[in-house]
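Here the structure comes first, spelled out in structure tokens, and everything after it is commentary.
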Amino acid sequence: MGKEIKLRAGTPDDNNRDYLPERIKGSDIVVNENGNNSQPYPERLQEFHAVLNQEGEMVENPEEGIAGTWYEYVPESFDPTRKTPLVMSLHGGLMTGWGQCIYSSWSLLAEREGFLCVFPNGNTNRFWQMQYYMNRHRKKPAPINGLSALDPAPTIEENIDCNFLLRLLKYIQKKYPVDEKRIFMQGMSNGCGMTQQFARRYGYLLAGAAHSAGPGRIWALIDEEHKLINQGGPLAVWDNHPENNGHGNATLADEARSCRESRHYWMTINQCEPMPKISIVGEDNMAFFSGKKAPYVFNEIKIRDHGQALDEAFLYWDYLFAGTRRGEDGEIIQEATPLAREGDQQAAAFAPGMARAWWHNQPVELDAAPVRWQKLKYHGLNGDQLVRGEYTCVPLTCLATIAGGTLETAPDGLTAVMSLPDGRRLQFARGSIGCLIDGRLRSMYCEALHREGQLLVSVEWFARSILGWTATECNGVTYITDHHAELGYCMADLIKDILQDRVLPENFIEEALKE
């Protein structure tokens with residue numbers, strides 16, 4: 001880790017928390033809303049306008065090149081005598097390069113690490129030119145705020161924004177001592193789509209790419225013959241997805257499907273192993289996939305809306321990009337990173353009806369399938385039946401293993417005693433909500449169940465009351481771990497795929513098209 005960095009105080013604009021006010025440019029005004037959080041305009045951010053030819057040179061005649069606007073951030077820690085990594089970060093639709101800078105933390109990270117950042121503008125109406133629209137029929141979406149996206153070019157090679165990014169990349173490499181083996185691209189929303197299509201065509205120029213808030217559906221990933229579109233080859237990829245990313249009528253299930261299809265795409269290109277390492281740290285739900293050609297990381301941010309979180313750049317760098325480079329033969333080389341891509345060491349996940357669990361970052365067989373059980377009040381208001389809680393009940397045999405204890409079950413299977421390493425002795429009985437702990441009775445969340453010859457109790461109660469762990473539930477999955485964690489919908493979807501051996505189905509394209 002390089003130079004020490006400091007946060008700058010800003011002036012909050014609490015009357016405009018929904019979008020990027022133009023008056024922010026050059027000021028210390030900050031805007032915060034769930035999904036986008038800005039920092040004060042960096043003093044070292046410089047704006048440039050030029051026409052660039054194919055060689056990445058500035059020319060006067062607009063007919064000899066492509067005109068564009070971009071913003072460069074050269075940190076105070078930059079060393080012009082040494083080759084340095086380059087990050088090119090792409091804004092969302094209707095935004096700007098300077099907006100992408102202040103709505104991300106790349107400039108802060110650049111100061112710590114000494115690398116260069118470039119924030120280009122989309123060529124037309126603050127949009128990037130997409131070759132495929134992200135809908136089933138590939139139809140052009142309606143204008144937004146009166147501004148319309150550019151029609152697709154005949155080929156990706158003729159895409160005006162791809163061409164400008166290629167020229168800008170050459171220009172920056174001539175202007176600064178860029179390490180050509182460590183060039184990275186990241187984009188948000190419409191910029192995410194641009195980053196993806198650039199990586200699919202020109203990924204060999206990059207060491208890694210990060211996609212934020214918009215993985216897209218299968219139609220942008222396949223050609224007319226339903227083959228994967230890819231000329232760029234493998235590269236280190238991070239897919240970052242806000243849980244509430246959806247637009248319009250998009251549901252959480254729609255978002256999970258999009259994440260699944262993008263994940264299948266990059267797992268295939270990078271030749272990834274099907275079993276990830278999962279780590280949920282607060283809101284960040286991370287799944288780390290290793291690959292023969294390159295790694296892939298999926299991260300879902302719990303309770304986040306469409307946009308990018310302010311800390312995303314630090315996640316990309318500290319978990320992935322810091323250790324990523326191209327080798328002499330163009331292969332992706334992965335070295336140690338400040339934060340290791342390891343799964344939670346003490347964590348388990350359960351899905352009702354599935355006789356498997358996720359434990360120690362691999363699926364394990366259970367003696368009985370977990371049951372989702374309601375705690376009922378039979379004489380509620382006006383005599384109606386009320387649900388006072390809903391819990392995932394798990395076999396005691398599994399919970400004893402997680403706790404590192406032993407279990408003695410009566411011959412009839414209706415009672416059991418669990419002995420824990422710290423000396424505690426727990427007694428359970430079918431139909432009883434009570435648990436005797438060293439002779440003291442304590443109420444559980446719900447009664448013990450007897451299923452398939454096994455006693456089952458609430459894993460939420462056991463995790464919190466016995467282990468002192470976190471228990472979090474979402475989308476039919478309960479995740480317990482020894483630290484604070486908030487399970488997201490799409491991560492739960494991935495865990496269910498793992499428990500059903502469906503992380504990367506052979507016919508995933510056909511399945512996606514049917515959906």
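Along the sequence shown, residues carry numbers from 1.
A 4.5 Å side-chain heavy-atom check between K181 and I333 finds every atom pair outside the cut-off. Between Y391 and M444 there is no side-chain heavy-atom pair separated by less than 4.5 Å. Proximity of Q308 to Q100: side-chain heavy atoms (C-beta onward) are separated by under 4.5 Å at one or more points. Within the 4.5 Å cutoff, side-chain heavy atoms of K3 are placed close to those of E76. Within the 4.5 Å cutoff, the side chain of I498 has heavy atoms near those of the P276 side chain. Between W359 and C398, the closest side-chain pair of non-hydrogen atoms is not below 4.5 Å. Side chains of Y489 and E255 form no contact here, defined as non-hydrogen atoms less than 4.5 Å apart. Here the side chains of I183 and M88 are not in contact, with every heavy-atom distance at 4.5 Å or above.
Environment of CZ in R8: crowded, with over 12 heavy atoms of neighbouring residues, nucleotides or ligands closer than 6.0 Å. The 12-atom threshold is not exceeded at CD of E506, counting heavy atoms of other residues, nucleotides or ligands nearer than 6.0 Å. Applying the 6.0 Å contact sphere to CZ of R451 captures more than 12 heavy atoms from other residues, nucleotides or ligands. Within a 6.0 Å radius of NZ in K293, no more than 12 heavy atoms belonging to other residues, nucleotides or ligands are found. Under a cut-off of 6.0 angstrom, the local environment of CD in E408 is sparse, with at most 12 non-hydrogen atoms contributed by other residues, nucleotides or ligands.
Closest of all the heavy-atom pairs between T337 and L320 is CG2-O, 3.8 Å. In terms of heavy atoms, F115 sits closest to T84 at CA-OG1, 3.2 Å. Closest approach of P370 and V394 over heavy atoms only: CB-CG2, 4.3 Å. The minimum heavy-atom distance between N270 and P295, with the atom names listed, is ND2-O, 3.2 Å. Among all heavy-atom pairs drawn from G233 and N230, the shortest one is N-OD1, 2.8 Å. Closest approach of F288 to S279, counting heavy atoms only: CE1-CB, 4.1 Å.
Here T195 contributes atom OG1 and L90 contributes atom CG; the two are 4.0 Å apart, rounded to the nearest 0.5 Å. Taking CG from L252 and CG from N245, the interatomic distance works out to 10.5 Å, rounded to the nearest 0.5 Å. The OG1 atom of T268 lies 11.5 Å from the CZ atom of R263; values are rounded to the nearest 0.5 Å. Taking CG of L487 as the start and CD of E243 as the end, the distance is 8.5 Å to the nearest 0.5 Å. The CD atom of E283 sits 10.0 Å away from atom CG of N299, with the distance rounded to the nearest 0.5 Å. A distance of 9.0 Å separates OH of Y445 from CH2 of W461, quoted to the nearest 0.5 Å.
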- Message: Pair E511, R502 - check salt bridge (charged side-chain N to carboxylate O under 4.0 Å, His left out), show working.
- Response: CA-CA 12 Å; E511 289 187 9; R502 289 184 49 79; 2.6 Å; yes
- Task: Before giving the answer on side-chain contact (heavy atoms from CB on, under 4.5 Å), spell out for F298 and H241 the whole-Å C-alpha distance, their side-chain angles and the decisive distance to 0.1 Å.
- Result: CA-CA 8 Å; F298 171 73; H241 191 80; 4.1 Å; yes
- Item | Steps toward side-chain contact (heavy atoms from CB on, under 4.5 Å) verdict (K496, N475) | CA-CA 9 Å; K496 286 189 284 189; N475 186 19; 3.1 Å; yes
- Message: For a side chain to side chain donor-acceptor pair (under 3.5 Å) check, start with the C-alpha distance between E473 and T478, then their side-chain angles and the critical distance, and finish with the verdict.
- Response: CA-CA 4 Å; E473 191 278 335; T478 301; 5.1 Å; no
- Query: For I269 and V237, what are the C-alpha separation, side-chain angles and deciding distance, and is it a side-chain contact (heavy atoms from CB on, under 4.5 Å)?
  - Reply: CA-CA 10 Å; I269 298 300; V237 169; over 6 Å; no
- List the steps, then state whether salt bridge (charged side-chain N to carboxylate O under 4.0 Å, His left out) holds for R112 with D318. CA-CA 12 Å; R112 194 190 77 180; D318 290 339; 2.5 Å; yes
- Verdict with supporting geometry, W373 and L456, side-chain contact (heavy atoms from CB on, under 4.5 Å): CA-CA 10 Å; W373 194 249; L456 285 63; over 6 Å; no
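Counting only distance, with no hydrogens or angles, the side chain of S465 and the backbone of F462 share no donor-acceptor pair below 3.5 Å. Judged by distance alone, the side chain of R424 and the main-chain N or O of I437 form no donor-acceptor pair under 3.5 Å. A distance-only check finds no donor-acceptor pair linking the side chain of R182 to the backbone of A207 [under 3.5 Å]. Proximity of a side-chain donor or acceptor of S105 to a complementary backbone N or O of L310 within less than 3.5 Å is detected. Judged purely by atom type and a 3.5 angstrom limit, E452 uses its side chain to pair as donor or acceptor with the backbone of A369. Checking side-chain atoms of H450 against main-chain N and O of T415 turns up no donor-acceptor pair under 3.5 Å. A donor-acceptor pair is defined here as one N or O able to donate and one able to accept, closer than 3.5 Å; such a pair exists between the side chain of N361 and the backbone of I278. Of the possible donor and acceptor atoms, one in the side chain of E312 sits under 3.5 Å from a partner among the backbone N and O of A309. Under the 3.5 Å distance criterion, the side-chain polar atoms of Y265 are matched with a main-chain donor or acceptor of I229. For the pair D438 (side chain) and R425 (backbone), a donor-acceptor distance under 3.5 Å is present.
Salt-bridge formation is detected for the pair R257/D254: a Lys NZ or Arg NE/NH1/NH2 atom is positioned less than 4.0 Å from an Asp or Glu carboxylate oxygen. By the 4.0 Å N-to-carboxylate-O rule, E460 lies close enough to R372 to be salt-bridged with it.
Between L407 and the options L455, V417, T397, T401, a side chain to side chain contact (heavy atoms under 4.5 Å, CB included) holds for only T397. The side-chain hydrogen bond (donor to acceptor under 3.5 Å, both in side chains) with Y479 is formed by just one residue from the set D344, N285, T470; it is D344.
Aromatic ring pairs are classed by plane angle as parallel below 30°, tilted from 30° to 60° and perpendicular above 60°; the pair W238 and Y316 is perpendicular.
No close placement of the W266 and Y296 rings is indicated, their centers lying 6.0 Å or farther apart.
For the 3.5 Å distance criterion, the side chains of S107 and Q39 qualify, holding a donor opposite an acceptor. Under the 3.5 Å distance criterion, with hydrogens and angles disregarded, no donor-acceptor pair is assigned to the side chains of W469 and Q346.
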